[in-house]
Colleague: 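Have a look at this one.
Bear in mind the structure is a predicted one, so any value in this text is a computation, not a measurement. Values below: every heavy atom of this structure, side chains too, minus hydrogens, waters and symmetry copies. Here is the naming used below: chain letters follow the sequence lines, and residue numbers restart at 1 for every chain.
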Protein chains: 2
Amino acid sequence: MTSLIDEAIARLREKGLRITDQRKSILRALAEAEAPMSAEEAHAALVNEACDLVTAYRCLDQFEKAKIVELGVRENGTKVYCLGHGQGHHHHLTCRGCGKTERIDICMGKELNEIAAHFGFVELSHVMEAFGVCPKCK
Amino acid sequence: MTSLIDEAIARLREKGLRITDQRKSILRALAEAEAPMSAEEAHAALVNEACDLVTAYRCLDQFEKAKIVELGVRENGTKVYCLGHGQGHHHHLTCRGCGKTERIDICMGKELNEIAAHFGFVELSHVMEAFGVCPKCK
DNA sequence: ATGAGTGCAAATAGTTTGCAAGCTG
DNA sequence: CAGCTTGCAAACTATTTGCACTCAT
């Protein structure tokens, strides 16, 4: 349980990235939410305005390049980041009304890789987000 | 072959939307590309600046609401629209280098619906885009 | 000490909105 | 001819960049 953040910090270290208070704060926010959040949301969730919004963008970008978080995209195009994919890659189902997020454990990554291989594509990645209206909001 | 556009026009009519030259041009552009394209790309593809960029945005938005096109999102957050999903829902694999797009016919829509039903979500939709580097670009 | 990281201001990209004028049904 | 559509200008949102300063290593 404690490990999500520590794991992330360890990975930062591995990649030669520096451990700053701002980065720790952002990681904490992501860990507490355990749902994908945008840079703005992550920034808003920080206690005491722990860092500038721009820094949130930059850190999340770094995190993604270091494979510490995974990138997703909302229906409206905003980018969202999610911590905790270390072992279990998964996706999300988000309510258009209240934003509530459920984790869904299906992924067509394997099939995708086969097809991509067939076309000769490499460095595969995919984005997949599901949206709907939750029981409370309908 | 001829039908993609005609079909779309028919559906416009059904929905009580008007058939204008601008809309026809945009549909033509989408049909010729048969790959997802952004509003800006669709606009750029129009011969003779057939309509304003804003109109392209508005039309595509209408088309999507009328279920004439499907909405997707790129890795960077730009929205893309794709014609021709009338019967065969599918997804795409896009090259990060040259933008080349391959159609992929897998979709976890069914599994998704089951899970969503389990959570009580309705009005499901999903976005899924795959990215990689094609043989030519690597 | 040295270069990665940060904050602030300003620039961009993509998309949306307000309003008067134009065209479709 | 009524109202959906369009064009143009301007507003907006999400994100990126330039630059001087600061702090982790």
Side-chain angles (χ1 to χ4, degrees), chain A residues 8-29 36-46 48-66 68-69 71-82 94 99 127 129, chain B residues 8-29 36-46 48-66 68-69 71-81 94 96 99 127 129:
Chain A
I9 291 182
R11 193 136 8 162
L12 276 178
R13 204 161 265 133
E14 272 174 38
K15 301 271 179 178
L17 296 170
R18 293 180 180 175
I19 321 294
T20 65
D21 288 344
Q22 291 88 330
R23 287 181 178 179
K24 281 190 280 188
S25 301
I26 293 173
L27 287 172
R28 207 174 305 126
M37 65 201 311
S38 69
E40 301 214 320
E41 287 158 359
H43 175 250
L46 298 177
N48 268 57
E49 284 280 317
C51 82
D52 194 84
L53 174 58
V54 177
T55 300
Y57 276 105
R58 282 194 275 225
C59 289
L60 288 169
D61 193 53
Q62 292 284 51
F63 293 170
E64 198 231 323
K65 285 187 186 132
I68 291 170
V69 298
L71 176 63
V73 183
R74 294 231 176 92
E75 258 182 332
N76 67 356
T78 43
K79 291 179 195 167
V80 291
Y81 300 87
C82 183
T94 304
V127 148
E129 299 287 327
Chain B
I9 291 182
R11 189 130 18 156
L12 276 179
R13 204 162 265 133
E14 272 174 40
K15 302 272 179 179
L17 296 169
R18 292 180 180 174
I19 321 294
T20 64
D21 288 344
Q22 291 88 329
R23 287 181 177 178
K24 282 190 279 188
S25 300
I26 293 174
L27 287 172
R28 207 173 306 126
M37 64 200 312
S38 70
E40 302 213 319
E41 287 158 359
H43 175 250
L46 298 177
N48 267 58
E49 283 279 315
C51 82
D52 194 83
L53 174 57
V54 178
T55 300
Y57 277 105
R58 283 195 274 225
C59 289
L60 288 169
D61 193 53
Q62 294 283 51
F63 293 171
E64 196 230 325
K65 285 186 187 133
I68 291 171
V69 299
L71 176 62
V73 183
R74 295 234 175 91
E75 258 180 335
N76 68 353
T78 44
K79 292 179 194 167
V80 291
Y81 300 87
T94 305
R96 273 190 285 262
V127 147
E129 298 288 327

Colleague: Find the distance A/Lys65:NZ to C/dG5:P and express it as a whole number of Å.
Modeller: 11 Å
Colleague: What is the separation between atom CG on B/Asp52 and atom P on C/dC19, rounded to the nearest whole Å?
Modeller: 18 Å
Colleague: Below 4.0 angstrom from OP1 or OP2 of D/dC4, is there any side-chain N or O of B/Lys15?
Modeller: no
Colleague: Which of these passes side chain to side chain contact (heavy atoms under 4.5 Å, CB included) with A/Tyr81: A/Glu41, A/Met37, A/Glu64?
Modeller: A/Glu64
Colleague: Just to confirm, is there a sub-4.0 Å distance from OP1 or OP2 of C/dG7 to any side-chain nitrogen or oxygen of A/Thr55?
Modeller: yes
Colleague: Counting only side-chain N and O atoms of B/Gln62, is one of them less than 4.0 Å from OP1 or OP2 of D/dC4?
Modeller: no
Colleague: What is the distance, rounded to the nearest whole Å, between atom NZ of B/Lys79 and atom P of C/dA13?
Modeller: 18 Å
Colleague: Rounded off to whole Å, could you give me the CG-to-P distance for the A/Leu53 and D/dT17 pair?
Modeller: 15 Å
Colleague: For B/Gln22 and A/Tyr81, find the nucleotide of DNA chain D closest to each by heavy atoms; which residue's nucleotide sits nearer the 5' end?
Modeller: B/Gln22
Colleague: Looking at residues at least two apart in the chain, or sitting in another chain, which of them share a side-chain contact (heavy atoms from CB on, under 4.5 Å) with A/Arg28?
Modeller: A/Ile5, A/Lys24, A/Ser25, A/Glu32
Colleague: For B/Ala56 and B/Asn76, find the nucleotide of DNA chain D closest to each by heavy atoms; which residue's nucleotide sits nearer the 5' end?
Modeller: B/Ala56
Colleague: Please state whether the phosphate of D/dT6, meaning OP1 or OP2, lies under 4.0 angstrom from any side-chain nitrogen or oxygen of B/Arg23.
Modeller: yes
Colleague: I want to check something: taking the side chain as every heavy atom from C-beta on, are B/Ile68 and B/Lys15 in contact at a cut-off of under 4.5 Å?
Modeller: no
Colleague: At a cut-off of 3.5 Å, list every protein nitrogen or oxygen paired with a nitrogen or oxygen from nucleotides 23-25 of chain C, distance to 0.1 Å.
Modeller:
{"from": "C/dT24", "atom 1": "O2", "to": "B/Arg18", "atom 2": "NH1", "distance (Å)": "3.0"}
{"from": "C/dG25", "atom 1": "OP1", "to": "B/Ile19", "atom 2": "N", "distance (Å)": "3.3"}

Colleague: Is A/Tyr57 close enough to D/dT15 that one of its side-chain N or O atoms is under 4.0 Å from OP1 or OP2 there?
Modeller: yes
Colleague: Expressed as a whole number of angstroms, how long is the span from A/His43:NE2 to C/dG7:P?
Modeller: 8 Å
